[in-house]
Amino acid sequence: MVQISFVSRGITRTIDARGGLTLMEAAVQNGIEGIDAECGGACSCATCHVYVDAVWLDRTGSPDDFEAGMLEAAVGPRANSRLSCQIKLSETLDGLVVEVPAAQT
Amino acid sequence: MDAGLPAERPPHVPEDRVVDFDMYAPPGVKQDFHAAWKALQAPGVPDVVWTPRNGGHWIATRNRLIDEVFSDHERFSSRVILVPKAIGEQHGLIPTTLDPPEHRPYRTLLNSSMAPKVVGANEPRIRALAAELIEAVRRDGACNFTTAYAEILPIRIFLSMMDLPPGDAAQTKRWCDQMLRPDGSMSFEECMARLFDYLGPYVDARKGGDGDDMLSRMINGRIGDRALTRDEALKLSVQVLIAGLDTVVNFLGFAMLFLARNPAMSRELAGEPELMPAAVEEFLRRFPIVTIGREVARDMEYQGASLRKGEMILTPSVLGGIDERENERPMEVDFHRPTAAHVTFGSGHHKCPGAHLARTEIRVTLEEWLKRIPEFSVAPGKTVEFTGGIVGVVDALPLVWDVETTRSLAA
């Protein structure tokens with residue numbers, strides 16, 4: 001299992017998710033507030049936007065051009081922004097910490 | 001079924017890449033749908049193969065490659081997604097046959113109706129219908145799950161989201177069935193014509209209106225700064241209708257068949273409801289049922305094969321989760337797997353927009369069923385059979401149970 005912590009307005013919620021799911025799917029299935037995932041994971045809406053904690057950036061990787069384009073449309077994009085539907089969970093991400101943008105909650 | 005003659009192997013396709021595989025009727029499909037497809041992952045079968053069936057086309061046989069093809073719209077276009085290509089060219093529905101960037105504004109039109117928040121708001125209605133359907137058969141001690149439940153719940157929920165009459169279910173389902181698993185009685189063209197004729201009056205009535213139903217919201221959305229045309233509205237609605245009427249319907253059959261044959265696991269799930277989300281995901285991994293494809297966008301070398309522009313390559317979601325390179329003991333259902341990769345809902349820009357609705361319907365179905373009928377099996381002496389196609393199906397699922405072991409619960 002992959003442990004993930006979602007930090008939202010200072011409060012942390014930690015869940016265990018199955019590897020193979022996307023970060024977005026894990027969030028939605030666990031009812032994490034602020035991850036709306038309106039397009040269902042097609043990289044087409046930017047409502048699954050998260051900030052990846054700095055120490056995890058190299059393991060989550062960088063967005064491709066398409067995702068980067070979508071992130072411009074996200075609310076409050078930062079250098080550590082990702083669309084969580086584009087992050088696939090695996091053991092290398094066990095312990096991942098992401099922040100849900102305040103504007104989304 | 002492949003009514004055409006086998007295609008001739010083109011010179012650039014080596015002999016050792018050729019398999020005789022008809023996606024509409026793979027050898028052995030009647031006995032076991034997934035085993036029939038798993039043959040493409042047998043030792044010695046290349047990762048990308050070519051079949052002379054259905055006009056001749058490639059097939060990606062491994063989870064990682066299927067994911068890759070789905071995710072790369074520049075090399076693998078959605079312009080045509082069905083084989084035989086001659087049929088696929090007639091499809092042209094929206095947004096399934098559009099590539100980015102054209103694809104996005106149409107996909108966005110689906111969002112408001114399929115988003116998790118909206119599905120969540122619908123959950124009580126789904127649960128109430130599930131309870132009603134199950135209670136209707138509980139005291140009989142037997143049912144054909146396919147007709148008593150699977151063909152009713154997802155379709156009724158879907159038609160109600162579209163605000164279409166529930167009585168239209170049988171007719172619309174028949175046309176969809178003939179598109180996805182043709183038995184020769186209706187041509188693809190005919191099915192499309194019927195679906196367009198069916199939805200036409202509803203589209204006309206609701207265009208420009210302020211209806212809150214999914215059909216109204218889709219067809220009254222904007223593409224950039226303009227309204228959808230009537231043609232676009234029809235193509236979008238027909239695609240969404242097809243997607244909603246056949247997928248969860250059939251998936252439920254596979255999941256329930258498994259539980260009927262594995263009473264220990266039914267008991268485990270009935271006794272530990274918190275396992276349910278993991279169980280649903282594991283069923284999705286083990287029993288994917290959709291096969292779709294992509295059109296090769298340019299000549300390329302791919303996995304050691306020479307692909308030519310315009311050729312079709314299948315991306316069978318069926319082969320994703322059951323790929324042993326991704327998941328150990330892939331044909332075993334294990335609710336406790338720590339990791340399970342699959343592409344049951346596809347991936348990339350066309351990833352199934354109904355995934356959350358599907359997961360919810362599956363979860364609620366199993367929850368409500370097991371609460372009331374925790375022990376059940378396939379009727380003795382009955383053989384369960386399967387049919388292949390764009391969406392695979394359990395033909396009929398006769399279940400039996402001892403009414404004494406059941407519980408009556410209010411919805």
Quiz prompt | Option in A/Gly20, A/Gly40, A/Cys39 with maximal non-hydrogen atom pairs under 4.5 Å from chain B | solution = A/Cys39
Quiz item: Given that the side chain runs from C-beta out, which part of A/Glu91 has a heavy atom under 4.5 Å from chain B: side chain, backbone, both or neither?
Solution: side chain
Practice problem: Tell me, for B/His73 versus chain A, whether the close heavy atoms (under 4.5 Å) come from the side chain, the backbone, both or neither. | Solution: side chain
Self-check item: Selection from B/Pro338, B/Gly346, B/Ala115 maximising heavy-atom pairs under 4.5 Å formed with chain A
Solution: B/Pro338
Quiz item: Looking at B/Arg285, B/Lys117, B/His349, B/His103, which has the largest count of heavy-atom pairs under 4.5 Å with chain A?
Solution: B/His349
Exercise. Sort out for me which of B/Glu326, B/His342, B/Arg359, B/Arg363 touches chain A most, counting heavy-atom pairs under 4.5 Å.
Key: B/Arg359
Quiz prompt | Toward chain A, the part of B/Asn63 with a non-hydrogen atom under 4.5 Å | solution = neither
Quiz item: Atom OG in A/Ser44, atom NZ in B/Lys351: separation rounded to 0.5 Å?
Solution: 12.0 Å
Self-check item: pair B/Arg104-A/Phe66: side-chain heavy atoms closer than 4.5 Å
Solution: yes
Practice problem: Taking all heavy atoms of A/Ala37 and all of B/Pro116, pick out the closest pair and write down the distance. | Solution: O-CD, 3.3 Å
Quiz item: Hey, is CD on A/Glu72 packed in by over 12 heavy atoms from elsewhere, all under 6.0 Å?
Solution: no
Quiz item: For the residue pair A/Arg18 and B/Ala340, what are the closest heavy atoms and their distance?
Solution: NH2-CB, 3.1 Å
Quiz item: With only heavy atoms counted, which part of A/Met24 is less than 4.5 Å from chain B, the side chain, the backbone, both or neither?
Solution: neither
Quiz item: Does a sphere of radius 6.0 Å around CD in B/Glu324 hold more than 12 heavy atoms from other residues, nucleotides or ligands, not counting ones at 6.0 Å or beyond?
Solution: yes
Practice problem: May I ask you to name which of A/Val2, A/Asp64, A/Val28 has the most heavy-atom pairs under 4.5 Å with chain B? | Solution: A/Val28
Exercise. Under the side chain to side chain contact (heavy atoms under 4.5 Å, CB included) rule, what do B/Glu281 and A/Glu25 come out as? Steps first, then yes or no, please.
Key: CA-CA 11 Å; B/Glu281 214 53 38; A/Glu25 286 167 332; 5.5 Å; no
Quiz item: Just how far is it from atom CD of A/Gln29 to atom NE2 of B/His356, taken to the nearest 0.5 Å?
Solution: 8.0 Å
Exercise. Identify which part of B/Arg337 has an atom lying under 4.5 Å from any heavy atom of chain A, answering side chain, backbone, both or neither.
Key: both
Quiz item: Which distance, rounded to the nearest 0.5 Å, do you find between the CG of A/Asp65 and the CD of B/Glu74?
Solution: 8.5 Å
Quiz prompt | Heavy atoms from other residues, nucleotides or ligands near CD of B/Glu328 exceed 12 (cutoff 6.0 Å) | solution = no
Quiz item: Does any heavy atom of chain B fall under 4.5 Å from the side chain of A/Thr22, the backbone, both, or neither of them?
Solution: side chain
